Amino acid sequence: MNTFDLLSMKGKNVLITGGRMMYGLGATLALADAGANIYLASHSEASAKELIDELREKKNVKAKAFAFDLDDVGSIEKLVRDVTEESGQIHAFIHCSRIIPSGGVGIGWDQDFVQLEQSVRINSAASLYLIQLVGEHMKKHKCGAMVLFGSMMGLIAVEKHNYDGNPQMVPGAYSPAYAVDKSGLSAWVRHAASYYGQYGIRVNAVCPGGLQSERTNPVFAEQYSKHTLLGRLANTDDIKGIILLLSSDASAYITGLNIPVDGGYTCI
Amino acid sequence: MSSFMEKFSLCEKKALVISPENPYGKEVTEGLRSAGAEIWLAGENRTDIECKGFFDYERGNPESAEKLEKNVREVMGHVDVVVENGMHTSEKKWEHPFETIQRELEKTHLGMMLTIGHLGHILAEQKNGSIILITDYGALVGYDVQNYIGEEKSFNTDFSVINGFIKGGVVNYARQASNFLAEHGCRCNAIAYAPMHGSCDKEFESAFIRHSQLKRLAYSDDVASAVVFLASDASSYITGITLPVDGGYTAK
């Protein structure tokens, strides 16, 4: 089969959460470029309108937004129900959504209980529940590709001196809850790939490193970049190729992987 | 005993084992005791494991974690070895309602962060101590469905949607926690055990052994040796690792 046909997402329905910003946006645009019908789970239909219009007009794909809140079990169930009804079948599922826990700021050991609890309940438990519901749907069709967002910070510990001069960044970087959540996800990818394999469902994760944005602190960027082999932070284009590969039939024999997308940061 | 062999000794050290009622808890505790450690336990249910003292501890409850820290300070005085053995779920089958997933993750992951968060304060002040997080080989590889053919009971036990997630969260937490603790002279490591001899159905056992390198399951001495090593000064330059103790199962 022609390689570009394998990579094509034409006629395939993709459910993506958190697909409106940062890495998630890169993923949405890549899938649209490949011709996928995009089912975008977003905070509200209004907030997604601009992107949905762009997908329809510039990428010429079917696109629809669904209001979704990871902190609401009813909303998770409704999302999967609505998207399966609307689309008939979810071929690929990209889970990028997560909440940034609220509560007081605490560093390391002293991370606020509110933050720990929210991270476990919403980022871990609610995500697992959502993925499980999508899995139940895919089992019926005996096929599907799941691409989950892990993180470089689920694979390695924080390099302290990357944050020298930027104490305000330390609490986020030193979150034990984030490390546990992403590390759990990385192992779960293998656990789930093993279970879902018998149903023809593939499960993989991308584990991106730091993303360059307008708000990135230049001192941090410089210190961090020295630890990457390619000498820079990531941009949203960097995620596109791997998302498309893992979502499409081009990776039909790939399952259970965690793929770092980190400029080589975790390999030294 | 040669001076090097003394490094393995836990004589005059105090060890606290959290959730000893779970798998590996008894073997880990007896191992620490046999190396000379004074044994303290904390959990929701008392077991028949002998100990110097027992603290009631409700996993995932912040007040209970705070109380545990207070008890350890006041009753134990200091603690050299902390073993966190709470990464266990007894939920069966793959699919579960949200409430079950949440409850199990609060008992395990949230419980671990609270336990280590609080006891870590004590270790950091002492400027010494070793934390050991107990998990199983599911932290490193997926459980193999082929090993469970004909063993629906074992299959349902290991293949809950929650299980691999629980086991795997330990791996990078050990790295992250070792990072917090290092500047205070303390260490944190994890152990990923294979199933124990006699703990599984026969069919599963022979299937697992077929895929292992040493052609057997773990004996209690295997479980004990690893935890004594990581608890003792014999491993004083080792921190942040997950040590597989699995007869080579994850190495092939």
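Each chain gets a letter, A, B and so on, in the order the sequences are listed, and its residues count up from 1. Owing to the predicted nature of the structure, the values given are computational and were not obtained by experimental measurement.
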task: Check the side chains of A/S124 and B/H109 for a donor-acceptor pair under 3.5 angstrom, ignoring hydrogens and angles.
output: no
- prompt: With only heavy atoms counted, which part of B/L140 is less than 4.5 Å from chain A, the side chain, the backbone, both or neither?
  reply: backbone
- prompt: Are B/Y143 and B/Y137 near enough that their ring centres are under 6.0 Å apart?
  reply: yes
- prompt: Heavy-atom distance under 4.5 Å to chain B: side chain of A/F113, backbone, both or neither?
  reply: side chain
message: Does any backbone or side-chain atom of B/V141 lie under 4.5 Å from a heavy atom of chain A? Answer side chain, backbone, both or neither.
response: backbone
- request: Side chain from CB out, backbone as N, CA, C, O: work out which of these in A/L155 comes under 4.5 Å of a heavy atom of chain B, or both, or neither.
  value: backbone
statement: Applying a strict 4.5 Å limit to non-hydrogen atoms, the region of B/D158 in contact with chain A is backbone
- prompt: Going by atom types alone, do A/Y174 and A/Q111 pair a side-chain donor with an acceptor below 3.5 Å?
  reply: no
Which portion of A/V158 sits near chain B, non-hydrogen atoms under 4.5 angstrom: both
query: For A/Q198, is it the side chain, the backbone, both or neither that has a heavy atom under 4.5 Å from a heavy atom of chain B?
result: side chain
statement: Heavy-atom closest pair (B/V82 atom, B/I116 atom, distance to 0.1 Å) is CG1-CD1, 4.3 Å
field: Exercise: do A/D181 and A/S119 side chains pair donor with acceptor under 3.5 Å
entry: no
field: B/E44/B/K107 salt bridge by N-O under 4.0 Å criterion
entry: no
field: Which atoms of B/T242 approach chain A - backbone, side chain, both or neither, heavy atom under 4.5 Å
entry: neither
- request: Under 4.5 Å heavy-atom distance to chain A, tell me which part of B/D144 shows up: side chain, backbone, both or neither.
  value: backbone
